[in-house]
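Report on the following structure.
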Amino acid sequence: MRVLVKGAGVAGLTVAWQLYRHGFDVTITERAEKVGLGASGFAGGMLAPWCERESAEEPVLMLGRSAADWWEAAVPGHVSRRGTLVVAAGRDAGELDRFARRTSGWEWLDAAAIAELEPDLAGRFPKALFFRQEAHLDPQRALSALTAGLEEARMRFLFGADGTQDAARYDRVVDCTGAARIGVLPDLRGVRGEMLYVETPEINLSRPVRLLHPRHPIYVVPRGRNRFMVGATMIESADGGGITARSLMELLNAAYTLHPAFGEARLTETGAGIRPAYPDNLPRVSEHDGTLHVNGLYRHGFLLAPAMAAEVARRLLAEQARPERRAS
Amino acid sequence: MLKLYDKEVRSRLLLGTARYPSPAILAEAVRRAKAEIVTVSLRRETAGGKAGGAFFELIHALGVHVLPNTAGCHSVQEAVLTAKMAREVFRTDWIKLEVIGHHDTLQPDVFGLVEAARILTGEGFQVFPYTTDDLVVAEKLIEAGCRVLMPWCAPIGSAMGPVNPMALRTFRAHFPDVPLIVDAGIGRPSHAAGVMELGYDAVLLNTAVAGAGDPAAMAEAFALAIDAGRLAHAAVPLEPRDMAVPSTPVIGKAVFS
């Protein structure tokens with residue numbers, strides 16, 4: 001079966017990889033000139049389904065718990081399994097208890113245990129939640145590695161093309177173009193997310209740290225080479241313009257609360273992306289106008305794309321086995 | 001029925017729409033609470049063009065009255081501008097007016113609040129001011145044209161419940177004919193029942209529902225508590241006394257036990 005995958009973000013590349021593994025003949029088209037220029041490039045890259053369960057429904061945990069294994073198999077060496085540390089400033093200590101009540105898979109750490117895990121946070125927080133099973137990756141590097149793997153497998157990439165003209169040459173089209181389908185796919189909306197990068201040699205963190213706050217919870221993800229990603233806002237809007245001063249201030253304030261040395265860090269990059277989401281904030285594979293759509297990954301692109309890719313493969317394998325029953 | 005400016009509603013629970021796990025859960029919460037008014041905050045980037053359109057369509061699809069708010073505005077000018085954008089987006093003259101004085105505590109700037117209320121009522125808005133329990137400020141808001149008052153019962157998001165019931169009683173007694181909605185500080189249904197027993201007309205909530213483990217179930221719990229509190233107020237509850245009082249006459253009883 002010849003399959004056209006539209007979109008080379010985390011969804012498209014993941015689907016392409018999964019289909020390639022099942023022996024499909026796959027071509028990828030991408031409107032931009034390289035991979036991961038949409039929301040995927042702004043992602044935190046946290047494979048943290050236990051933490052996400054705080055505000056997400058059960059399927060996010062069920063579908064996301066094997067994501068780290070999937071990424072480790074697809075891009076060996078890119079997954080860092082060092083868990084997630086969750087802390088709160090003194091006055092927001094109640095938020096930690098609330099977080100603990102709504103999640104599972106954690107253990108309480110006292111100040112000494114925090115210092116052992118992240119020496120640079122020593123003495124800053126009396127207690128923390130540690131989600132030992134969680135992992136993270138660097139989205140840009142993981143997508144580059146996945147692309148390299150696909151190119152090595154002689155997968156065809158067509159950049160600067162949206163694939164519409166060629167669709168007839170394929171047996172099946174899988175649309176993974178995310179936020180570009182807002183206004184086209186029913187019920188799909190955009191949730192704006194803003195993030196920034198800072199650089200400082202004064203702090204070392206070896207795992208993502210989440211700082212809870214009733215209004216502006218943030219995470220800081222170490223990216224190596226003294227770089228840290230700080231994210232991310234959640235705004236009900238499909239406006240893709242640059243970060244606002246207010247959001248910048250909120251993110252930096254929170255980073256500074258985590259560690260004052262972030263006050264001296266260099267701000268190296270800011271960005272804003274549009275997360276595509278359905279009303280239940282859960283992703284789905286759906287049939288629309290004869291095309292299979294993978295969309296609605298919301299803030300769970302790297303976490304849930306593997307499960308969506310598996311679902312696409314399952315459907316196409318079933319169609320291949322019984323071509324007369326293909327849905328249309 | 002509760003009359004708020006030109007509209008009448010049956011439900012005494014106004015629900016905020018922020019920070020639910022998903023819009024689907026928000027919709028379920030509104031349904032189970034039988035809420036008829038939701039409040040929606042408008043940020044600049046949301047108002048820009050059709051950017052926030054999809055979320056606002058979801059709000060409109062709830063089929064309830066929308067009370068836009070100026071949450072997060074720190075100056076009169078910002079609040080007035082946001083109110084005007086909200087009128088365009090939601091096609092309503094209603095506005096829940098917040099002018100925040102402290103970024104930190106979210107305490108209302110009551111001076112800015114009165115000034116903004118005066119400007120907005122002058123432009124035809126129907127203002128629902130989020131204020132403290134200060135009587136003089138409330139009088140100034142009435143003078144400025146407000147016909148509804150929304151005092152806090154504790155700081156926003158604190159979930160502490162009424163921290164000064166005495167002030168709330170005085171407030172109610174001082175404005176017997178103004179619809180009073182307790183806005184901010186409610187954490188549990190028992191808090192909501194408590195302020196309704198004091199004779200308040202309605203309760204506005206967001207975090208207490210959105211942040212609950214099961215927001216939709218909590219929304220329903222609040223609706224029940226609010227109805228109970230209102231019914232209790234109408235039924236005239238007993239006032240507390242210092243001494244125990246037996247509930248049946250004791251004279252003539254053979255044995256005291």
Side-chain angles (χ1 to χ4, degrees), chain A residues 52-60 89 91-92 94-95 98-99 101-103 179 181-194 212-217 233-247 249-250 253 272 274 276-282 296 298-299, chain B residues 16-30 40-62 71-74 78 82 85 89 100 103-106 155-160 184 187 206-208 210-216 218:
Chain A
E52 287 299 308
R53 185 70 180 86
E54 184 255 337
S55 61
E57 294 187 67
E58 189 67 18
V60 170
R91 57 182 285 175
D92 300 323
E95 293 291 312
R98 181 179 164 277
F99 199 92
R101 278 201 305 277
R102 304 201 47 176
T103 54
R181 294 275 78 74
I182 293 171
V184 180
L185 283 178
D187 295 335
L188 193 69
R189 75 187 199 287
V191 180
R192 176 177 160 89
E194 296 153 301
L212 302 184
H213 183 276
R215 296 191 305 283
H216 313 299
T233 56
M234 301 271 289
I235 299 167
E236 288 287 347
S237 168
D239 178 341
I243 191 169
T244 61
R246 178 198 299 231
S247 296
M249 191 178 69
E250 287 166 358
N253 250 332
I274 305 301
Y278 288 112
D280 57 5
N281 288 348
L282 294 172
Y298 184 50
R299 52 183 274 160
Chain B
T17 55
R19 295 189 303 279
Y20 287 77
S22 70
I25 290 175
L26 160 64
E28 181 64 9
V30 169
V40 182
S41 85
L42 196 74
R43 288 178 62 144
R44 303 287 172 75
E45 55 271 59
T46 322
K50 63 178 184 71
F55 182 68
F56 297 152
E57 272 170 31
L58 288 168
I59 298 289
H60 279 301
L62 298 173
C73 290
H74 287 252
E78 200 183 358
T82 304
M85 293 195 310
V89 171
I100 299 302
H103 186 79
D104 205 25
T105 62
L106 300 182
I156 291 185
S158 69
M160 284 193 286
N206 190 345
T207 316
D214 182 343
M218 190 59 85

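In what follows, every chain begins at residue 1, and chains take the letters A, B, ... in the order their sequences are listed.
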**OP:** With a 4.5 angstrom heavy-atom cut-off, could you sort out which part of Arg101(A) is near chain B: side chain, backbone, both or neither?
**Re:** neither
**OP:** Against chain B, label Leu282(A) side chain, backbone, both or neither, depending on which of its atoms sit under 4.5 Å from a heavy atom there.
**Re:** neither
Original post:
Hey, are the side chains of Pro214(A) and Thr207(B) touching, using non-hydrogen atoms and a 4.5 Å cut-off?
Top reply: no
Subject >> Closest heavy-atom pair and its distance - Ser22(B), Glu57(A) >> reply: OG-OE2, 4.2 Å
Subject >> Nearest heavy atoms of Ser55(A) and Pro21(B), plus distance in Å >> reply: O-CB, 3.0 Å
Original post:
Can you check side-chain contact (heavy atoms from CB on, under 4.5 Å) on Thr17(B) and Glu236(A), steps first, answer last?
Top reply: CA-CA 11 Å; Thr17(B) 55; Glu236(A) 288 287 347; over 6 Å; no
**OP:** Taking side-chain contact (heavy atoms from CB on, under 4.5 Å) as the test, write out the residues that go with Ser158(B), two or more places apart.
**Re:** Ala154(B), Pro155(B), Met160(B)
Original post:
Contact part of Ala159(B) toward chain A, heavy-atom cut-off under 4.5 Å: side chain, backbone, both or neither?
Top reply: neither
Subject >> Residue Ile156(B) versus chain A: region with a heavy atom under 4.5 Å >> reply: neither
Original post:
Can any side-chain N or O of Arg98(A) pair as donor or acceptor with the backbone N or O of Gly211(B) at less than 3.5 Å?
Top reply: yes
